[in-house]
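Read the structure below first, then the notes.
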Amino acid sequence: MIDQSTIARIMDAAQIVDVVSDYMTLKKRGANWWGVCPFHNEKTPSFSVSPAKGIFKCFGCGKGGNAVQFVMEHEHLTYHDALCLLAKKYHIEIQEREQTDDEKQQEKERESLQTVTEFAAKFFEETLHNTDEGQSVGMSYLRERGFSDDIIRKFRIGYAPDAWDTLVGAANAQNYSLDYMVKANVCNYNDEKKRYYDTFRGRVIFPWITVSGKVVAFSGRVLSRDTKGVVQKYVNTSETPLFVKSNELFGIFQAKNAITKADCVYIVEGQTDVISMHQCGVANVVACSGGSGLKEAQAHLLHRFTANIILMYDTDAAGEKYTDTAISVALAEGMNVHVVRLPEGEDPDSFARQNNANAFIDYIAQHKIDFATYICQKIATTANDPIKKSQLITEQLTPALALINNNILLAEYIKQCAQLLALSEEMLLRQTNKVRDNKRKKEQEKQQRADEQTSTETTDAAPDDNQPDLVTGPDKFDTQERYILNCALRHGNEVIFADDDNHAWTINEFIVNQLIDTDNIALRNPLHQTMIHEIAAHMHDNGFDAAKFFIRHADPRISQLAADLLADRYLLSKMFADKETQSSISNARQQQERQRTMADEINKVIIEYKYLIVTDELAQTIVALKNAANPQATLDLMTKITQLNQLKARIAQELGERIIVKF
């Protein structure tokens, strides 16, 4: 495992805005940075990054944490692996102790798959650049396509030798697990012949690289311009634990910065389309898996970097199908969708090789049309067939329009489409609203079925009306515990009163005294309890800052909880929130009054929490009394109930008096 001092160095180096910006576009608004959440489907940015607190927080899905947790969540990594990734990014050397067998087993498969996939990528690259076959066959083909050395290395293009087991032999020679090579789909196993063999043979290899720069899959292309009669133009990695086709975009790693800068992304069909556009100077371009249509997860990934998408599929039947699908998916994601049709017989690959960036971009600017115009133009070609025209309006146009949530924008599109198709705006709007209503009805029915299922599953657990009103819901304790911890993290070092010995008590000292030293109360949430005890252990350390301490905590559950507590969603009362303003007050009397009020507030919260505990224990004791097994147990429980009622009355009196700690 990584030692605490190294973790601290990594946390110091890993500035949250810098880390998150590697994966998505952030825009500064006030003190924080905002963007579209990468963890759930949203159209309005609710993902906040606070550089001052060192945390991220999504107010839509609730995910939050520090820089390490962001990498863990985004890359699906363990805490250890996320730290290693950040250490590599910031050039921090890691010295670890030997992992336990259990730890090794937990990380082995994904780590091993990533290792053998990277090994295969390097093997293909080295074969292309450093072997006679790679140069004479693979490189000759790439040169013929017009790809420069820089572009070839930028996309890590390689070559697979035209032999059955060259990669297998290289893996064996370096002691890589062939079982993991098979799981990564770079090798296969023939049961009949009892031998391993290479998946890719005699093909140029295009690696699929994630947004964070990890190779997860490969596409191998035949080495011929003329692919007529070829059984498989491309051989692609099948899905693995590392590679889910519907989630990945070819070229996203190389394009992400250009997409952000241009605030626009082009989607094309194939890998060579992407690479040729880069070659001509247009870098904000990606392709979907294996030339397939855009999927929801891919659109959401793109939406992190831009809201503007331009579809540039081929002009054949398959390209039209991909375009229609992509329009619906991108609109549902809340993106602005345009379509570009290249000249007859051209695709992005061939067009890019004939033009430079300026000519390409000029062509797009002159020929791009919005999705509605694109659909209307298709419908207009069927003007002499009213049945077909009506069918296309019903199947393509109104469903697309119904995906637009902005009513002002929808009204503009309705007006535009009505003019292009010589239709009534009222009729088109009515049909669009009908689609909207049907969709809403289906969603409501789906939700109702889900609610009914949940209700059925919980019927057996329905509460007994004859039981007392137990205060056992975790939220009732959780709210108070979170408030107490929030005070500790945000304002723990603030002095709130001085005792008779002239000792200045901080908020953290008061909390620890009341919960641990005086009544030895155990918080119901184990993580909350751990935090309170660690505050007690460290609050007198020189320079101790509870917020920073827990944000950087070695237990990711605690650091995530700390980030959640510090997020703006969990605000304290106005008295605590006005700390920055109030601390500048020079008048000693006013400052003393503020301290008095703060002391009163935190004291009241702790007393309320104690009241909850006593009330809950009393209710449980009453239940136990009903089920007492013998007279002695009954007597003991009745005595306990009397004591608890007395304690409850005393605490209730304290609450009513709103006790203020004496100065």
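Bear in mind that the values here come from a model prediction, so they are computed numbers and not experimental data.
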Say whether [X] and [Y], considering side chains only, have a donor N or O and an acceptor N or O under 3.5 Å apart.
X: Asn257; Y: Thr260; result: no
X: Thr373; Y: Asp370; result: yes
X: Trp208; Y: Thr237; result: no
X: Asn185; Y: Ser238; result: yes
X: Glu346; Y: Gln354; result: yes
X: Asn358; Y: Tyr363; result: no
X: Tyr313; Y: Asp324; result: no
X: His300; Y: Glu333; result: yes

Next on the checklist: Quick one: does any side-chain atom of Gln396 pair with a main-chain N or O of Ile375 as donor and acceptor, under 3.5 Å?
Outcome noted: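 Answer holds: no.
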Checklist entry - Does the distance from a Lys or Arg side-chain N to an Asp or Glu carboxylate O, for Glu320 and Lys378, drop under 4.0 Å? => result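 Lys378 and Glu320: salt-bridged.
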Checklist entry - What is the ring orientation for Phe200 with Phe218, classed by angle as parallel under 30°, tilted 30 to 60°, or perpendicular over 60°? => result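 Phe200 vs Phe218 ring planes: perpendicular.
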Item to check | Parallel, tilted or perpendicular: rings of Phe56 and Phe39 (30°, 60°) | outcome: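 Aromatic pair Phe39/Phe56 classed tilted.
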Checklist entry - Are the aromatic rings of Phe351 and Phe360 close, with centres under 6.0 Å apart? => result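 Between Phe351 and Phe360, the centre distance is under 6.0 Å.
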Checklist entry - When the aromatic ring centroids of Tyr159 and Tyr141 are compared, is their separation below 6.0 Å? => result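 Judged by ring-centre distance (under 6.0 Å), Tyr159 and Tyr141 do not meet the cut-off.
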Checklist entry - Between Asp314 and Lys321, is a salt bridge (charged side-chain N to carboxylate O under 4.0 Å, His left out) present by the stated rule, with each step listed? => result CA-CA 10 Å; Asp314 296 349; Lys321 180 181 177 182; over 6 Å; no
